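This structure is a prediction, so every number in the text was calculated from the model and none was measured.
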Amino acid sequence: MKTLIRFSIVLLAIPVVLRMLFSGVISIDTTMILLLLSVFVAAAGKGIIRILAAFIGLYYFAKEISGSNTQIFNNVFSSLLALTIILFGLFVMIKPLFKSSVRKTDFR
C-alpha cells in the first residue's frame with residue numbers, strides 16, 4: 001500500500017509536467033528529466049525530498065500562470081503558499097479523527 005501511495009506522486013506529476021510541455025514552458029528534454037525526477041522522489045521516500053518537490057511544483061505552476069510578469073508571479077506564489085498552509089492546518093486538525101485506537105508504541 002505504501003508503494004502505491006508513493007507512486008501517486010508520479011501520477012500527480014504526469015499531468016502537471018505535460019501541461020507545462022504543451023504550454024511551452026519547458027522543453028521535451030526538461031519534461032523527461034522532471035518525470036524521471038518524480039520517480040526518484042517517489043522512490044526515495046524521504047519527507048523533506050517530497051516537500052521540496054511539492055514546492056518546486058508550486059513554483060512552476062505560479063510561473064506558468066504569471067508568464068514573465070514578476071509582480072503577478074509574486075502574488076500567485078504567495079497565494080499558493082497561503083493556501084498550502086491553510087490546507088496543512090486543516091489536515092493537522094482532521095487527521096486525529098481517523099487514527100486507529102491501537103497505538104504503535106504500546107509495548108504490552
Side-chain angles (χ1 to χ4, degrees):
M1 186 66 161
K2 286 185 180 182
T3 304
L4 184 60
I5 292 171
R6 286 186 182 171
F7 187 72
S8 67
I9 294 171
V10 177
L11 294 177
L12 291 171
I14 291 170
V16 173
V17 172
L18 290 178
R19 183 175 178 201
M20 289 190 307
L21 171 69
F22 294 138
S23 65
V25 175
I26 58 175
S27 67
I28 189 73
D29 296 333
T30 307
T31 302
M32 292 301 293
I33 291 170
L34 288 176
L35 288 175
L36 289 174
L37 186 64
S38 70
V39 171
F40 284 113
V41 167
K46 301 286 184 186
I48 190 72
I49 293 173
R50 286 187 263 169
I51 291 171
L52 286 174
F55 279 108
I56 290 170
L58 287 176
Y59 171 81
Y60 277 112
F61 181 70
K63 183 178 176 182
E64 178 185 349
I65 289 175
S66 65
S68 60
N69 190 334
T70 57
Q71 182 64 32
I72 294 174
F73 172 79
N74 290 336
N75 292 339
V76 169
F77 193 69
S78 62
S79 297
L80 286 173
L81 287 179
L83 178 63
T84 303
I85 292 168
I86 291 167
L87 291 175
F88 180 72
L90 185 63
F91 172 78
V92 168
M93 290 187 293
I94 291 176
K95 186 177 178 188
L97 298 175
F98 298 102
K99 281 190 173 181
S100 65
S101 61
V102 178
R103 291 187 171 192
K104 292 180 181 179
T105 58
D106 194 5
F107 296 111
R108 287 191 230 178

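- Take Tyr59 and apply the ring pair (Phe, Tyr, Trp, His ring centres under 6.0 Å) test, not counting sequence neighbours, and it matches Phe73.
- The distance from atom CG of Leu35 to atom CG of Leu21, rounded to the nearest 0.5 Å, is 9.0 Å.
- Residues forming a side-chain hydrogen bond (donor to acceptor under 3.5 Å, both in side chains) with Thr30 (at least two apart in sequence, or on another chain): Ser27.
- Interatomic distance, CG of Leu80 versus CD1 of Ile85, reported as 11.0 Å (0.5 Å rounding).
- Judged as a side chain to side chain contact (heavy atoms under 4.5 Å, CB included), and not counting sequence neighbours, the contacts of Leu83 are Leu87.
- Leu81 CG to Ile86 CD1: the interatomic distance, rounded to the nearest 0.5 Å, is 11.0 Å.
- Here the CD1-CG distance, from Ile65 to Asn75, works out to 12.0 Å after rounding to the nearest 0.5 Å.
- The side-chain hydrogen bond (donor to acceptor under 3.5 Å, both in side chains) check on Thr31 picks up nothing, with sequence neighbours excluded.
- Pairs engaging residues 32-44 under the side chain to side chain donor-acceptor pair (under 3.5 Å) rule: none recorded [sequence neighbours left out].
- In terms of hydrophobic clustering, with Ile, Leu, Val, Met, Phe, Trp and Tyr side chains grouped at heavy-atom distances under 4.5 Å, Val92 and Leu97 are assigned to different clusters.
- Expressed to the nearest 0.5 Å, how far CE of Met20 lies from CZ of Phe61 amounts to 11.0 Å.
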Item to complete: Report the C-alpha distance between Val17 and Ile26 in whole Å, list the side-chain angles of each, state the deciding distance to 0.1 Å, and finish with yes or no for side-chain contact (heavy atoms from CB on, under 4.5 Å).
Response: CA-CA 8 Å; Val17 172; Ile26 58 175; 4.1 Å; yes
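- Applying the salt bridge (Lys or Arg N to Asp or Glu O under 4.0 Å) test to pairs two or more places apart or on separate chains, none has a residue in residues 72-82.
- There is no path of hydrophobic side-chain contacts, each under 4.5 Å, that joins Val16 to Leu36.
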